[in-house]
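Note sheet for the following structure.
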Amino acid sequence: MTTTLITGANRSLGLETARRLIEAGHTVYAGMRDIAAGDEARALGAIPLALDVTDQGSVDAAVASLPELDVLVNNAGVLGGRRQGADDLDIEAMQQTLDTNVVGVARVTQACLPLLRRSAAPVIVNVASGVGWPRWLSTPGHDEHPVLGIAYAASKAAVIALTVQYAKGLPGFRVNASDPGYTATEFNGYSGHQTVQEGTDATVMLATLGADGPTGEFHNRFGRIEY
């Protein structure tokens with residue numbers, strides 16, 4: 001049985017990822033800040049787990065409660081508020097965004113490494129975004145091009161770089177980043193043109209890789225995104 005931890009798994013992309021991995025036979029621990037919000041995850045068969053990625057004590061306690069771990073999906077993230085443009089950037093909100101979206105990924109990953117090292121096929125998937133991909137941000141016609149927000153884009157660019165560096169440092173692991181694409185979620189007021197199932201296609205594929213799968217790559221639902 002494959003044991004999987006998903007952060008931010010009480011709603012949206014995290015909840016759908018939990019549903020699909022349970023369907024694939026995984027035992028899923030659904031990390032969330034408040035397990036009172038875990039009814040939907042519990043109904044799917046996931047095990048709600050109190051986990052705040054910005055709080056080291058919370059992360060340590062959550063990981064210590066896991067019996068084993070094969071797959072870590074770093075899904076938790078925040079948009080960081082609306083004041084993200086060049087003229088109104090909220091620096092405090094940007095710090096909070098980076099702490100959740102970037103430092104939070106590293107914080108959880110570091111805590112999980114001892115358990116993952118015991119797995120025969122350890123996997124880490126970091127949910128990034130095409131909004132962190134400079135080529136798409138700067139190319140008219142891409143969904144990402146109209147986005148002017150600095151904090152969220154910078155955080156997701158950092159997640160992509162972080163993924164590459166972890167993959168280099170953990171050669172026995174499969175460490176990859178996924179791009180959900182423009183998916184209808186609370187983040188964008190459900191304006192995205194993809195369903196949550198389409199938005200989790202890459203994450204689920206990467207979470208179910210075998211020991212011979214790729215590592216250090218960035219994928220969306222259509223395949224590998226070339227660096």
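Source: prediction; values computed, not measured.
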So do V28 and L44 actually touch side chain to side chain, heavy atoms under 4.5 Å? no
Looking at E16 and R19, is there a salt bridge between them, counting it only when a charged N and a carboxylate O are closer than 4.0 Å? yes
Check: R174 side chain, G213 main-chain N or O, donor-acceptor pair, under 3.5 Å: yes
Measuring from N176:CG to T215:OG1, what's the distance to the nearest 0.5 Å? 5.0 Å
Using every non-hydrogen atom in the two residues, find where M32 and A41 come nearest and quote the distance to one decimal. CE-CB, 4.1 Å
How far apart are the closest heavy atoms of G77 and N101, and which atoms are they? CA-OD1, 3.1 Å
Side chain to side chain contact (heavy atoms under 4.5 Å, CB included) between V147 and W136: does it pass, once the steps are laid out? CA-CA 10 Å; V147 176; W136 292 355; over 6 Å; no
For the pair T7 (side chain) and A76 (backbone), establish whether a donor and an acceptor sit closer than 3.5 Å, ignoring hydrogens and angles. yes
Side chain to side chain contact (heavy atoms under 4.5 Å, CB included) assessment of V59 paired with L51: CA-CA 6 Å; V59 170; L51 195 166; 4.1 Å; yes
Between S119 and A121, is there a donor-acceptor pair closer than 3.5 Å when you use the side chain of the first and the backbone of the second? yes
In this structure, would V103 and L162 fall into the same cluster of hydrophobic residues linked by side-chain contacts under 4.5 Å? no
Rounded to the nearest 0.5 Å, what's the gap from CD1 on I35 to CG on D39? Could you check? 10.0 Å
Is it true that L49 and L69 fall in one hydrophobic cluster, defined by side-chain heavy atoms closer than 4.5 Å? yes
Heavy atoms only: give me the nearest G80-T97 pair and the separation to one decimal. CA-OG1, 3.1 Å
Might you point out which heavy atoms bring V127 and K156 nearest each other, and give the distance in Å? O-NZ, 2.9 Å
Minimum heavy-atom separation for E144 and V131, please, with both atom names. CG-N, 3.5 Å
Is there a chain of hydrophobic side chains (I, L, V, M, F, W, Y, each step under 4.5 Å between heavy atoms) that links Y29 to V53? yes
Rounded to the nearest 0.5 Å, how far does CG of D99 lie from OG of S155? 11.5 Å
Does the distance from a Lys or Arg side-chain N to an Asp or Glu carboxylate O, for D52 and R107, drop under 4.0 Å? no
I need the I150 CD1 to L89 CG distance, nearest 0.5 Å. 5.0 Å
Point-to-point distance, once rounded to the nearest 0.5 Å, from CZ of R221 to OG1 of T200: 10.0 Å
Once rounded to the nearest 0.5 Å, what's the spacing between atom OG1 of T4 and atom CD1 of I22? 9.5 Å
Could you tell me if the side chain of L15 sits less than 4.5 Å from the side chain of I6, heavy atoms only? no
Would you name the heavy atoms of A62 and S65 that are closest together and state the gap between them? O-OG, 2.6 Å
Beyond-backbone contact of V175 with T109, side-chain heavy atoms, under 4.5 angstrom: no
Tell me whether L98 is reachable from I91 by hopping between hydrophobic residues (I, L, V, M, F, W, Y) whose side-chain heavy atoms are closer than 4.5 Å. yes
Contact between V123 and L206 at the side-chain level, heavy atoms closer than 4.5 Å - yes or no? no
Side chain to side chain contact (heavy atoms under 4.5 Å, CB included) between D55 and R33, worked out: CA-CA 10 Å; D55 182 326; R33 285 179 292 182; over 6 Å; no
For a side-chain hydrogen bond (donor to acceptor under 3.5 Å, both in side chains) with E68, tell me which candidate from T3, T2, T27 qualifies. T3
Looking at N126 and A128, would you say the former's side chain and the latter's main chain have a donor-acceptor pair under 3.5 Å? no
Does some side-chain heavy atom of H26 sit less than 4.5 Å from a side-chain heavy atom of V71? yes
Is any side-chain heavy atom of D201 closer than 4.5 Å to a side-chain heavy atom of R20? yes
Between L115 and the options D70, L72, L5, L66, the side-chain contact (heavy atoms from CB on, under 4.5 Å) test singles out L66
Any side-chain heavy atom of F218 sitting closer than 4.5 Å to one from D179? yes
So, do I124 and Y166 sit near enough that their side-chain heavy atoms are less than 4.5 Å apart? no
Does L209 share a hydrophobic cluster with I225, counting links as ILVMFWY side-chain heavy atoms below 4.5 Å and allowing steps through other members? no
